Amino acid sequence: MGYSISDYQDTDEIYRQLSALMKRPALGVSRDAMAAYVRAFDEKCSKSKALITEAKQFIPGGVQHNLAFNYPFPLVVDRAEGPYLYDIDGNRYIDFLQAGGPTILGSNPPAVRREVVKLLERCGPSTGLFHEFELTLAKEIRRHMPSVEMFRMLGSGTESVMAAIRVARLATGKAKIVKMGGAYHGWSDQMVYSLKIPGTRRFEAHGIPRSCTRHTCEARPNDIASLERVLAANRLRGGTAAVILEPLGPESGTRPVAEGYNREARRLCDKYGALLIFDEVVTAFRVGLGGAQGYFDVRPDLTVFGKIVAGGFPGAGGIGGRADLISRLAAGIESGKRRAYCGGTLAATPVSAAAGYFTIQEIERTGACEAAGRAGDRLTEGLQRLIARRGLPYVAYSQGSICHLETAGAMFIELNLLRIRKVLKEIKQRKLMMEEFGAAFMAEGIVTLAGSRLYTSAADTDAVIDDALARFDRVLANVEGQ
Ligand SMILES: Cc1ncc(COP(=O)(O)O)c(C=O)c1O
C-alpha cells in the first residue's frame with residue numbers, strides 16, 4: 001500500500017533548527033512591504049472587504065471558522081477547483097489550506113461530485129434511516145485499516161474524540177485521559193487543555209468548569225519518558241483510561257515525533273492498562289489509505305476519523321477500532337447493557353457516507369496520497385532552498401503532504417510561569433507576525449493555514465508548486481534586512 005511520506009524526517013535536526021529559530025529575535029516582513037500588501041488587499045479585494053464588513057453585524061467576527069479569520073480581513077470565496085480558490089473579486093489563489101485538510105484530491109473533484117449529485121437526486125442528503133453507503137464505507141475503511149474492525153460514523157472530529165474517550169472510560173473503568181501538550185483534538189470541554197503551547201493547561205478554557213478538565217493530563221510531545229511519568233503517576237490516582245495521540249505529533253506534526261514514538265506509546269499503554277487512541281482526523285487517508293497507523297505499523301485500540309472520511313462534504317467524523325469496544329456505541333443496544341451514549345441527527349447521512357466512500361475509491365484509483373506527498377516534497381525542498389539562499393532562520397519540514405513553514409515560531413515559545421508577562425507579550429508578538437506572513441502569502445496568491453501550515457493535494461502539479469515557490473520567494477524578499 002502506498003504512503004505519502006517518502007523519507008521519514010530527521011526529527012532531532014528539525015528540533016535543532018526550531019530551537020535556533022527561537023533563540024533569535026523574531027524576523028518579519030518589513031513595515032513598508034506589509035503596508036503595501038495591506039493596500040493591495042484594499043484595492044484587489046474590495047468586494048470581500050464590503051461583504052465581511054456587513055457580515056460583522058450579523059455573525060460574530062464576520063466569519064464562522066477560525067481558519068477563515070485572515071488578516072487584514074477575511075476573503076470571500078466564490079469558486080474552488082483543483083489546486084485553486086477564487087474570491088468574489090475574481091482573484092485566484094493556490095490553495096494550501098485545503099479546507100483544513102479534507103481535499104486531498106484537490107477542490108471539488110468531478111469523480112466524487114458526480115456520485116454525490118446522483119445520490120442527491122435519488123434520496124436527498126438525509127432521511128434518518130439506514131443507507132447502503134454506510135455499510136459500503138465501513139467495509140472500505142476496514143479493507144484499508146485492519147484495526148478498524150467496526151466503524152461508527154459521526155458528525156465531526158470533535159464529536160468522535162468525545163465518543164472515543166467515553167468508550168475508553170466505560171471499557172476500562174478509569175477516568176484519566178493523557179494527551180500531548182500542544183495538541184488539538186477538537187473543542188469539547190475536556191479537550192480544551194494545553195492547546196498549541198505545552199504546559200498552558202486551562203489558558204483557553206474560558207466558560208469551561210474546572211471539573212471538566214480534572215481528568216485531562218498532558219505529557220511532553222515526543223518525550224516517551226514524560227508519557228511514562230504521567231502514566232505512572234496516574235496509576236496512583238485511579239488509572240488512565242486512554243492515551244490520545246496524533247501519530248505524526250501535535251498539530252499535524254508541527255511538533256514532530258521520532259519514528260519509534262508510537263510503537264513505544266503502544267508498549268506503555270499495554271504496560272499501564274490504558275487504551276491507545278490514534279486521532280487520525282488529519283492523517284487518515286492523507287498519509288495513506290492505511291492511515292498513519294499503517295505507515296508506522298502500530299495498531300491502536302481506537303481510531304478517530306474526520307475530514308477526508310467525508311471527502312470534504314459535511315458530516316466528517318467517525319470512530320473505529322476493536323469490535324468489543326466499538327460495540328459499546330451500538331444504537332438501540334439491549335436494555336441492561338451499559339452503553340456509551342452518542343448520537344447526532346445528521347451523523348452518517350447518505351451524503352457523507354457516499355462522499356467518503358467515493359473519495360477513498362478515487363484516492364486508491366489515482367494514487368492520490370503518493371501524488372500529494374510528491375508535491376509536498378517538492379514544496380518543502382524548494383522552500384528549504386529559498387530559505388538557505390537568503391540566509392533566513394526559518395524552518396521548512398514536512399511529513400508527505402503535510403508541510404510546515406515556521407517563520408514566527410509562535411507555537412514554540414517555552415512557557416515560563418515565572419516570566420509569564422514577558423511570555424504572553426512574546427506570544428502576542430509572534431502570533432501577529434504569523435498572521436502578517438499569512439496575509440503576505442495571500443497577497444501573493446497563496447492561501448495557507450495560519451501562515452505556517454501547507455497541505456498539498458494530488459491536484460498540485462510540478463507547475464503549480466513551482467509557481468507557488470516563486471510567490472513564496474517574493475514574500476521572503478520582503479523580509480526585514482533582505
Ligand atoms: C487532529 C484533530 N483532531 C480533531 C479535530 C476536530 O475535528 P472537527 O473540526 O471535525 O471537529 C481536528 C480539527 O482540525 C484535528 O486537526
Side-chain angles (χ1 to χ4, degrees), residues 60 64-67 100-102 151-219 221 230 234 238 240-247 249-252 274-284 300-310 314-321 325-326 328-329 331 338-348 352:
Q64 324 255 13
H65 282 129
N66 289 342
L67 296 178
F151 173 76
R152 174 147 180 190
M153 197 169 202
L154 293 166
S156 67
T158 299
E159 284 178 27
S160 309
V161 168
M162 285 162 56
I165 289 174
R166 194 165 292 172
V167 166
R169 285 178 167 154
L170 177 61
T172 61
K174 300 170 188 168
K176 302 279 179 220
I177 299 295
V178 184
K179 70 177 286 262
M180 298 304 110
Y184 178 68
H185 298 287
W187 54 281
S188 66
D189 282 353
Q190 60 208 333
M191 285 287 108
V192 179
Y193 188 84
S194 276
L195 300 183
K196 297 205 162 56
I197 300 177
T200 49
R201 299 185 187 192
R202 288 181 46 87
F203 270 30
E204 303 256 24
H206 310 295
I208 300 175
R210 281 197 176 273
S211 55
C212 295
T213 48
R214 203 174 88 215
H215 296 299
T216 310
C217 322
E218 71 179 298
V230 177
N234 282 354
T240 303
V243 172
I244 181 163
L245 294 178
E246 278 182 89
E251 287 280 351
S252 305
L275 298 184
L276 177 62
I277 304 172
F278 272 178
D279 179 340
E280 294 231 38
V281 165
V282 171
T283 48
D301 301 294
L302 293 170
T303 300
V304 174
F305 296 86
K307 305 195 192 260
I308 297 178
V309 82
I319 162 173
L325 298 173
I326 299 295
R328 293 172 186 264
L329 291 167
R338 279 151 54 86
R339 172 183 184 195
Y341 201 90
C342 83
T345 305
L346 290 185
S352 35

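All figures in this text were calculated on a predicted structure; none of them were measured in a lab.
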**OP:** Indicate yes or no for a side-chain donor-acceptor contact from E204 to the backbone of V192 under 3.5 Å, with no hydrogens or angles considered.
**Re:** no
Original post:
Are the side chains of Q190 and M162 in touch, meaning some heavy atoms are under 4.5 Å apart?
Top reply: yes
Subject >> Close side-chain approach of I326 and V167, heavy atoms under 4.5 Å >> reply: no
**OP:** Determine whether L276 and L245 make a side-chain contact, defined as any pair of heavy atoms from C-beta on separated by less than 4.5 Å.
**Re:** yes
**OP:** Please name the pair of heavy atoms, one in A171 and one in L325, separated by the smallest distance, quoted to 0.1 Å.
**Re:** CB-CD2, 3.5 Å
Subject >> Heavy-atom donor-acceptor pair, H215 side chain to C212 backbone, under 3.5 Å >> reply: no
**OP:** Taking the side chain as every heavy atom from C-beta outward, state whether K179 and D279 have any pair of such atoms under 4.5 Å apart.
**Re:** no
Original post:
Does the R169 side chain pair with the main chain of A175, one donor and one acceptor, at a distance under 3.5 Å?
Top reply: yes
Subject >> Under 3.5 Å donor-acceptor, T213 side chain and T216 backbone >> reply: no
Subject >> Closest non-hydrogen atom pair, T200 against E218 >> reply: N-OE2, 4.4 Å
**OP:** Inspect the surroundings of CZ in R202 and state if more than 12 heavy atoms from other residues, nucleotides or ligands are less than 6.0 Å away.
**Re:** yes
Original post:
Hey, are the side chains of C342 and R152 touching, using non-hydrogen atoms and a 4.5 Å cut-off?
Top reply: yes
Original post:
Which pair of heavy atoms, one from G343 and one from L154, lies closest together, and at what distance?
Top reply: O-CD2, 3.8 Å
Subject >> Residues that E251 engages under salt bridge (charged side-chain N to carboxylate O under 4.0 Å, His left out), provided they are two or more places apart >> reply: R453
Original post:
Of the non-hydrogen atoms in A348 and M153, which two are nearest, and what is the gap between them?
Top reply: CB-CB, 3.6 Å
**OP:** Would you check if the side chain of R328 reaches a backbone N or O of R338 as a donor-acceptor pair within less than 3.5 Å?
**Re:** no
Original post:
Within a reach of under 6.0 Å around NZ of K196, are more than 12 heavy atoms found that belong to other residues, nucleotides or ligands?
Top reply: no
Subject >> Side chains of V309 and F151 in contact at under 4.5 Å (non-hydrogen atoms) >> reply: yes
**OP:** Could you walk me through whether N234 and K174 pass side chain to side chain contact (heavy atoms under 4.5 Å, CB included), step by step?
**Re:** CA-CA 10 Å; N234 282 354; K174 300 170 188 168; over 6 Å; no
**OP:** Would you indicate whether the side-chain heavy atoms of T158 and M191 approach each other to under 4.5 Å?
**Re:** no
Original post:
Of all heavy-atom pairs between P300 and F278, which one has the smallest distance, and what is that distance?
Top reply: CG-CD1, 3.7 Å
